[in-house]
Protein chains: 2
Amino acid sequence: MTGTLYGVGLGPGDPDLMTLKAHRLIAGADVIAYPAPAGGDSFARSIAAGAIREDATEIIIPIPMAIERFPAQDIYDKAVADIRPHLDAGRNVVTLCEGDPFFYGSFMYLFARLADDYPTEIVPGVASMTACAAVAATPLCARNEVLTVIPGPLEEDELKARLSASGAAAIMKVGRYLPKLRTVIDDLGLTSRATYIERATLPNEKRMMLADAPEKAPYFSMILIAGSDPYASH
Amino acid sequence: MTGTLYGVGLGPGDPDLMTLKAHRLIAGADVIAYPAPAGGDSFARSIAAGAIREDATEIIIPIPMAIERFPAQDIYDKAVADIRPHLDAGRNVVTLCEGDPFFYGSFMYLFARLADDYPTEIVPGVASMTACAAVAATPLCARNEVLTVIPGPLEEDELKARLSASGAAAIMKVGRYLPKLRTVIDDLGLTSRATYIERATLPNEKRMMLADAPEKAPYFSMILIAGSDPYASH
């Protein structure tokens, strides 16, 4: 009898936006696993902290700062080596995932290595994207609008092509790409439709029109571009 | 002192995927509002049923079947007339929304009519899209992939243009458009990357490759097209 590997979405940051299922699984977990920047605090763990048992075994997946976006695959080989003995011994392992596990999440690297050998279950969570729309008080997409979800690190030409073809758009992972994104959005005449949001649903969240955004953006920031559907805004 | 209008995302269908916040707001609500097909049961209410107080006042927003996708705006004028007296009397009104309120949701029509006059709060929920990825056990998008979210009712030419330009894609509102979507996806050579999911997270959910999908799809069905990132699948 092997244990089950769970990938549990925690939502965007406010612990109150965890699902009932996520909360219950975490509160019952003997073993939890989560990413943390080398030498820093884990954002995922901080969301779930109130539900974690004091006697839970914690497996930390250390993410070196320099490669935070595309971690070297050997980090996950190491994490898998830490996780396998628990699953083999019949203990469930609950992996804490910011947002939703399968929406630009790193859980897929564990999943790819373990899903053939153990029962796995993905528990979806509130994605940062819809949380940002809630904070911005602006519908993300309406009726038959196409929504394009665009990672900020893309090259300028591709960003332009994607944004000019799209109605509504959400630009993820803004962070240090903010100056480039501002230029592209401005060149396309979309600045008046663009909202900037950082740390959505956390106590220090900010939302403003992109034109009023600060010069530096944290990693957890996003730009939403409203579609042209008149029913989508008030 | 007026009441607050809440738009509360309920997630994709499994009541266990409601957020802690949604559950608490519903359990405390004197007045709830929700859409229901004329003469039928409300899907939104069914998700929240276990949390609704017996003495809660329930405002039903009747959606005629024939125009379920784009309800006539007078339906919302009528709903607003039912809701205003409660807000004016200082009672909060909790509006139940399938999935996420601002991700192709109809709550925006109430929001557009009431947000200037009353305090409003949007509580994001788990979107059907990420729930489908969880059920399909396939990451929706990875690393720097673009994800295009496409409503199934679009014209064939636009569907083709959108799908051929995109990496990963999620096609919403499949329902009666399934035959057209199959043709387009097949013409583009994408069938082997396409997964069909219906009623995700409900007891009668189904997931299969699109090639094996039934001839008729219910309204709550979706097609996910995996991107080409090798790390996104196992």
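Since the structure is predicted, the reported quantities are computational estimates derived from the model, not experimental observations. Chain naming here is simple, since letters A, B, ... match the order of the sequence lines and numbering starts at 1 in each.
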*Please check if the side chain of Y104(A) supplies one atom and the backbone of L140(B) the other of a donor-acceptor pair under 3.5 Å.*
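Absent.
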*K173(A) side chain to R143(B) main-chain N or O, any donor-acceptor pair under 3.5 Å?*
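Indeed, once roles are kept as given, a pair shorter than 3.5 Å links the two residues.
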Close side-chain approach of [X] and [Y], heavy atoms under 4.5 Å:
{"X": "V123(B)", "Y": "D16(A)", "result": "no"}
{"X": "P124(A)", "Y": "L17(B)", "result": "yes"}
{"X": "V146(B)", "Y": "T148(A)", "result": "yes"}

_D157(B) atom CG, over 12 foreign heavy atoms within 6.0 Å_ =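 Open: at most 12 neighbouring heavy atoms sit under 6.0 Å from CG of D157(B).
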With respect to chain B, which residue among [options] yields the maximal number of heavy-atom pairs within a distance under 4.5 Å?
{"options": "A165(A), G105(A), A169(A), G152(A)", "result": "A165(A)"}
{"options": "G125(A), A133(A), G7(A)", "result": "G125(A)"}
{"options": "A22(A), A170(A), A134(A)", "result": "A134(A)"}
{"options": "T201(A), I122(A), T19(A)", "result": "T19(A)"}

*asked:* With a 4.5 angstrom heavy-atom cut-off, is it the side chain or the backbone of M172(A) that approaches chain B, or both, or neither?
replied: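 Nothing of M172(A), per the 4.5 Å heavy-atom cut-off to chain B.
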*Check each atom of P15(A) against the heavy atoms of chain B and say whether the ones under 4.5 Å are side chain, backbone, both or neither.*
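Contact with chain B is through the backbone of P15(A) alone.
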*From E145(A) atom CD to I150(B) atom CD1, the distance as rounded to the nearest 0.5 Å*: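 Answer for the CD-CD1 pair, E145(A) versus I150(B), is 13.5 Å.
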*What's the spacing between T130(A) OG1 and M129(B) CE if we round to 0.5 Å?*
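With rounding to 0.5 Å, OG1 (T130(A)) is 8.5 Å from CE (M129(B)).
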_Residue pair L147(B) / F103(A): nearest heavy atoms and the distance that separates them_ =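 Looks like CD2-CE1, 3.8 Å.
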